[in-house]
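In what follows, a single structure is set out as structure tokens and then discussed.
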Amino acid sequence: MLDPRLFRTDLDFVTTQLARRNFAFDADAYTRLEARRKDIQVKTQDLQNQRNSNAKAIGQAKAKGEDVQPLLDQVGQVGEELKAAEAELATIQAQLDSLMSSIPNILDEAVPEGKDEDSNLEISRWGEPRQFDFAAKDHVELGEKLQGMDFELGAKIAGSRFVVLNGGLARLQRALIQFMLDTHTAEHGYNEVYVPFLVNADSLRGTGQLPKFEADLFKASSDPDLYLIPTAEVPVTNIVRDVIIEAKNLPLKFVCHSPCFRSEAGAYGRDVRGMIRQHQFEKVEIVQIVKPEDSAQAHEQLTAHAETILQKLNLPYRRMLLCAGDTGFSSTKTYDLEVWLPAQGLYREISSCSNFKDFQARRLQARWRNPETGKPELVHTLNGSGLAAGRTLIAVMENYQDADGRIHIPEVLLPYMGGLTVIG
RNA sequence: GGAGAGAUGGCCGAGCGGCUGAAGGCGCUCCCCUGCUAAGGGAGUAUGGGCUUUAACUCCCAUCGAGGGUUCGAACCCCUCUCUCUCCGCCA
């Protein structure tokens, strides 16, 4: 949710900024709605004021033992009028809310123009892709050969876009998760949390998945309304919903492992092969809640924390700055980390690190008390994958394979593998 | 799943249908007093909105778990829901 004041003070700025995203904002419709809201709100509050002073007068007259009947006769129609005005205000307010919550965040100045991923900007590269003296196999082939990755079984048990991992590969994924959690808590100062994997609609509104992206979610129950989380970002960021945080407690840094569930509606035919795009996958998420002045720096830092994982695993990657058209709805600026997949010979998204500034905080009413003003002010929220475990598993398999299709365990994972050094 | 009790400011806690946005206490902030400490005295201390062509103040509106209702008027009465606690049952 954007700042309503920005709309009142600089509507042109809002319109041109949203156009960068190819978001057509109807400023005239907004202006008309806002004018009506103001009108009716003033009228409603006027009537409420009348009602209150009438009621007060009756109360006082009664206390003095006077006859209140003449007063009662006077106030008759205020109630009806007020009721109508309140109903109208509620309708307009709902329209305005629905309009406002469908508007994406304003992009950071640094975000390059462009309509899709082809315009994303490469910021840096790390690591040298390994030279293979044999034809590198992809993870599907490797997984089947090792009898550690079974998509048919996943399909039998659940359906398409599900997988069953077995033996060493299942353990390798768990090792990756453990390694990531340990690194972020011990070296990067994050606090590990365990959270609900089913969330209510309020939480999804807070982080921006609702109302616009319901189709991407799995709804688990209608009474009560519960959804499977598409990312731990949702429950973790909602820790601070409706909270006023003391300045001394900032920044808050959370790390959380969770399964993620995505319906991938609209992704039919894309990435059908293998574990790239599943309905269920494991991810370690890092989240920061910071003072507004710190968020730009925190964004760099948080992205570097995710990069550390790739570096320790010795997986070549590059950092991309997403262009205007590719940046997510709630984000002002997003870095994607893309890991090298040798079988396909390309870099593939494995982490997405975003600065939401106050966009989520406004929906969440997540605030801090600014000691300078003594007033509650909105915090800035950030998050990033640190990393997507399923895709990291793929990257390790493909980058650490040998000519016989065996997977060598990266050194940093050895302590988590119970003595296993090679799978296969 | 069954039976019962409850939800009021940062915390505890009072609250008769009518000057109650809310007593009192604790905490916190500022001031006074005291040689230091302790104690004492005074003042202040919710959030959002109306609000925009400045800012402050005054003013107005809303909010006592949430949503409806009754009423001229609801923290208080009625209904629905959510959550918490106690006991019983079940369970990893």
Side-chain angles (χ1 to χ4, degrees), chain A residues 1-14 27 30-97 100-101 194-206 220-227 235 238-250 358 361-379:
Chain A
M1 188 94 85
L2 290 166
D3 188 350
R5 265 171 301 205
L6 193 59
F7 285 73
R8 290 173 201 155
T9 55
D10 203 346
L11 200 57
D12 287 346
F13 173 77
V14 173
Y30 166 81
T31 308
R32 279 195 300 275
L33 202 55
E34 171 62 13
R36 275 184 69 206
R37 190 226 92 223
K38 200 164 158 180
D39 257 23
I40 290 160
Q41 181 159 349
V42 168
K43 184 178 153 200
T44 305
Q45 295 194 349
D46 235 40
L47 289 167
Q48 285 171 327
N49 187 11
Q50 271 181 52
R51 177 202 61 195
N52 290 347
S53 32
N54 285 340
K56 207 171 255 184
I58 291 171
Q60 280 165 354
K62 225 172 182 177
K64 289 184 203 145
E66 295 168 7
D67 179 19
V68 294
Q69 195 52 49
L71 283 170
L72 284 176
D73 294 340
Q74 275 176 37
V75 299
Q77 78 213 31
V78 177
E80 291 307 306
E81 251 183 277
L82 178 58
K83 215 168 217 174
E86 279 177 339
E88 197 179 354
L89 181 60
T91 308
I92 289 176
Q93 202 63 261
Q95 283 173 22
L96 208 50
D97 283 352
M100 293 296 278
S101 58
Y194 171 82
V195 295
F197 300 152
L198 289 164
V199 294
N200 58 34
D202 281 343
S203 293
L204 288 159
R205 266 192 291 274
S221 149
S222 289
D223 185 27
D225 278 336
L226 286 174
Y227 299 81
N238 272 277
I239 289 173
V240 295
R241 169 150 56 93
D242 293 322
V243 173
I244 299 172
I245 304 158
E246 290 305 319
K248 65 172 160 47
N249 294 328
L250 291 174
D358 62 11
R362 186 167 294 106
R363 293 177 170 222
L364 291 162
Q365 282 301 300
R367 294 169 295 176
W368 68 298
R369 198 173 290 280
N370 185 343
E372 283 174 28
T373 61
K375 292 282 174 202
E377 296 173 15
L378 296 171
V379 295

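Proteins come first, then strands; the chains are lettered A, B, ... in the order of their sequence lines, and each starts at number 1.
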Subject >> Assigned partner base of rC83(B), Watson-Crick or wobble definition, under 3.5 Å >> reply: rG6(B)
**OP:** Measure the distance from CD on E86(A) to C1' on rG67(B) and round it to the nearest whole Å.
**Re:** 14 Å
Original post:
Does the pair K43(A) and D46(A) meet the rule for a salt bridge (charged side-chain N to carboxylate O under 4.0 Å, His left out), with working shown?
Top reply: CA-CA 5 Å; K43(A) 184 178 153 200; D46(A) 235 40; over 6 Å; no
Original post:
Atom NZ of K248(A) to atom P of rC28(B): distance rounded to whole Å?
Top reply: 12 Å
Subject >> Atom-to-atom span, NZ of K83(A) to P of rC72(B) - whole angstrom >> reply: 10 Å
Subject >> Spacing of the P atoms in rG6(B) and rG15(B) (rounded, Å) >> reply: 13 Å
Original post:
When the C1' atoms of rC77(B) and rU84(B) are considered, how many whole Å apart are they?
Top reply: 24 Å
Original post:
Can you tell me if T44(A) uses its side chain to pair, donor with acceptor, with the backbone of I40(A) under 3.5 Å?
Top reply: yes
Original post:
To the nearest Å, how far apart are N54(A) CG and rU71(B) C1'?
Top reply: 14 Å
Original post:
For atom P, what is the distance between rU29(B) and rG21(B), given to the nearest Å?
Top reply: 30 Å
Original post:
Expressed in whole Å, how much space separates the P atoms belonging to rG2(B) and rA74(B)?
Top reply: 35 Å
Original post:
Does rC91(B) have a Watson-Crick or wobble mate here (both distances under 3.5 Å), and if so which one?
Top reply: none
Original post:
For atom P, what is the distance between rG4(B) and rC91(B), given to the nearest Å?
Top reply: 24 Å
Original post:
When you compare rG44(B) with rG10(B), how far apart are their C1' atoms, in angstrom units rounded to a whole number?
Top reply: 15 Å
**OP:** Could you state the atom-to-atom distance from CG of D202(A) to P of rC81(B) in whole Å?
**Re:** 18 Å
Original post:
Cut-off 3.5 Å, side chains only: do R363(A) and S101(A) have a donor facing an acceptor?
Top reply: no
Subject >> Electrostatic pair E88(A):R36(A) at N-O distance under 4.0 angstrom >> reply: yes
Original post:
In Watson-Crick or G-U wobble terms, both distances under 3.5 Å, what is the partner of rA74(B)?
Top reply: none
Original post:
Across all strands, who's sitting opposite rU45(B) as a Watson-Crick or G-U wobble pair, both distances under 3.5 Å?
Top reply: rG27(B)
Original post:
With both distances under 3.5 Å as the test, what is the Watson-Crick or G-U wobble partner of rC33(B)?
Top reply: none
Original post:
With no hydrogens and no angle check, is any side-chain donor or acceptor of N200(A) less than 3.5 Å from a backbone partner on S203(A)?
Top reply: yes
**OP:** State whether the distance check finds a donor on one side and an acceptor on the other, under 3.5 Å, for side chain K62(A) versus base rG18(B).
**Re:** yes
Original post:
Rounded to whole angstroms, how far apart are CG on D242(A) and P on rA66(B)?
Top reply: 11 Å
Subject >> Distance, rounded to the nearest Å, where I245(A) contributes CD1 and rG10(B) contributes C1' >> reply: 15 Å
Original post:
For rA14(B), what is the paired nucleotide under Watson-Crick or G-U wobble rules, both distances under 3.5 Å?
Top reply: none
**OP:** Say whether, by atom type as modelled, one donor and one acceptor occur between the side chain of D10(A) and the main chain of L6(A) under 3.5 angstrom.
**Re:** no
Original post:
Do the charged groups of E86(A) and K83(A) touch, with an N to O distance under 4.0 Å?
Top reply: no
Original post:
Hey, does Q60(A) reach any base, or is it just sugar-phosphate, or nothing, if we go heavy atoms under 4.0 Å?
Top reply: base
**OP:** Name the pairing partner of rA56(B), where a pair is Watson-Crick or G-U wobble with both distances under 3.5 Å, or state none.
**Re:** none
**OP:** Could you check how far CG of L47(A) sits from P of rG73(B), rounded to whole Å?
**Re:** 13 Å
Original post:
For nucleotides 50-63 of chain B, read 5' to 3', which letter fits each nucleotide if B means a protein heavy atom sits under 4.0 Å from the base, S means only the sugar-phosphate is that close, and - means neither?
Top reply: SSBS------BBS-
Subject >> Separation between the C1' atoms of rU58(B) and rG73(B), rounded to whole Å >> reply: 26 Å
Subject >> Interatomic distance at P, rA22(B) relative to rC61(B), whole Å >> reply: 13 Å
Subject >> For Y227(A), ring-ring contact (aromatic ring centres under 6.0 Å, His included) partners two or more places apart >> reply: none
**OP:** May I ask which nucleotide in the shown strands pairs with rG21(B), Watson-Crick or G-U wobble, both distances under 3.5 Å?
**Re:** none
Original post:
Between N370(A) and E377(A), is any side-chain donor less than 3.5 angstrom from a side-chain acceptor?
Top reply: yes
